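See below for the structure under consideration.
Chain A is the first sequence line, chain B the second, and so forth, proteins listed ahead of strands; every chain is numbered from 1. Keep in mind that what you see is a predicted model, and the values were worked out from it rather than measured.
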Amino acid sequence: MDARFVAIYAIVARIPEGKVSTYGAIARVIPVPRGARGVGWAMARCPANVPWWRVVSATGRVTSPNAHIQSELLMNEGVAMRDNGFVDLTIARWALQAD
DNA sequence: GGGCTGACTGACG
DNA sequence: ACGTCAGCCAGCC
């Protein structure tokens, strides 16, 4: 486990309910080895205590293999969902912070 | 060692 | 506005 990935999980863990963030946005705050893909890679291996469902693609689309579960979780938290698998980043986007 | 894949993104037609 | 393409680079055959 690399310290950078720990930082990714730490940031994701800071995303409040009803808010989401994007892979690319996180990749800009942290010097991730492979940029946005690195974040996705990290999410794919979410250490367990990580609210991975609050991370979506830059367009607001849920790109996870279990998108239906993710979208359901987001709706359950009050995230502004458009339709199946889409989040309204205009409303739900969280202001990133490295610390 | 070489080629393909992917929980991405931004540019292009 | 929407579908495709190319760049990206660690992992996994």
Side-chain angles (χ1 to χ4, degrees):
Chain A
M1 185 67 70
D2 190 279
R4 291 176 190 149
F5 291 100
V6 175
I8 293 175
Y9 302 132
I11 285 193
V12 175
R14 282 190 175 118
I15 303 176
E17 290 187 9
K19 291 289 181 178
V20 299
S21 191
T22 70
Y23 302 97
I26 295 171
R28 289 177 186 202
V29 175
I30 303 172
V32 184
R34 305 183 331 259
R37 284 196 185 271
V39 179
W41 185 86
M43 290 298 97
R45 293 155 180 72
C46 48
N49 55 318
V50 180
W52 54 269
W53 58 88
R54 292 181 190 150
V55 183
V56 299
S57 65
T59 56
R61 188 164 83 82
V62 176
T63 55
S64 59
N66 43 22
H68 65 103
I69 298 175
Q70 181 166 8
S71 59
E72 188 176 0
L73 285 165
L74 291 173
M75 277 191 293
N76 187 36
E77 295 188 345
V79 174
M81 300 292 296
R82 286 189 181 175
D83 49 55
N84 189 30
F86 281 87
V87 178
D88 191 338
L89 289 176
T90 306
I91 301 174
R93 195 175 189 212
W94 177 59
L96 244 59
Q97 41 190 313
D99 180 74

Whole angstrom is fine here: how far is it from CZ in A:Arg34 over to C1' in B:dA7? 11 Å

How many Å lie between OH on A:Tyr9 and P on B:dA7, as a whole number? 14 Å

On a heavy-atom basis, which atom in A:Ser71 and which in A:Met81 lie closest, and how many Å separate them? CB-CE, 3.7 Å

Give each protein N/O atom lying under 3.5 Å from an N/O atom of nucleotides 9-13 of chain B, with the pair distance.
| unit_1 | atom_1 | unit_2 | atom_2 | d |
| --- | --- | --- | --- | --- |
| B:dT9 | OP1 | A:Gly24 | N | 3.0 |
| B:dT9 | OP1 | A:Ala58 | N | 3.1 |
| B:dT9 | OP2 | A:Ala58 | N | 2.6 |
| B:dG10 | OP1 | A:Arg28 | NH2 | 2.7 |

For the pair A:Tyr9 (side chain) and A:Ala48 (backbone), establish whether a donor and an acceptor sit closer than 3.5 Å, ignoring hydrogens and angles. no

Treat a base pair as Watson-Crick or G-U wobble with both distances under 3.5 Å, then lay out DNA chain B in dot-bracket form, 5' to 3', with | for cross-strand pairs. .|||||.||||||

Expressed as a whole number of angstroms, how long is the span from A:Ile15:CD1 to B:dA7:C1'? 14 Å

Quick check: closest heavy atoms across A:Ala92 and A:Gly18, and the distance to 0.1 Å? CB-O, 4.0 Å

With side-chain contact (heavy atoms from CB on, under 4.5 Å) as the test, would you mind laying out the steps for A:Met43 and A:Ile8 before giving the verdict? CA-CA 9 Å; A:Met43 290 298 97; A:Ile8 293 175; 3.9 Å; yes

Crowded around A:Arg34 CZ? As in, over 12 foreign heavy atoms under 6.0 Å? yes

Chain A footprint on DNA chain C, 5' to 3' - any atom under 4.0 Å from a heavy atom: C:dG7 to C:dG11

Let me confirm one number: the CH2-CG distance from A:Trp53 to A:Asn76, rounded to the nearest 0.5 Å. 10.0 Å

Quick check: closest heavy atoms across A:Gln70 and A:Arg54, and the distance to 0.1 Å? NE2-N, 4.4 Å

Heavy-atom pair of closest approach, residues A:Val56 and A:Arg61: CB-O, 3.7 Å

Rounding to an integer number of Å, can you tell me how far A:Arg61 CZ sits from B:dC8 P? 8 Å

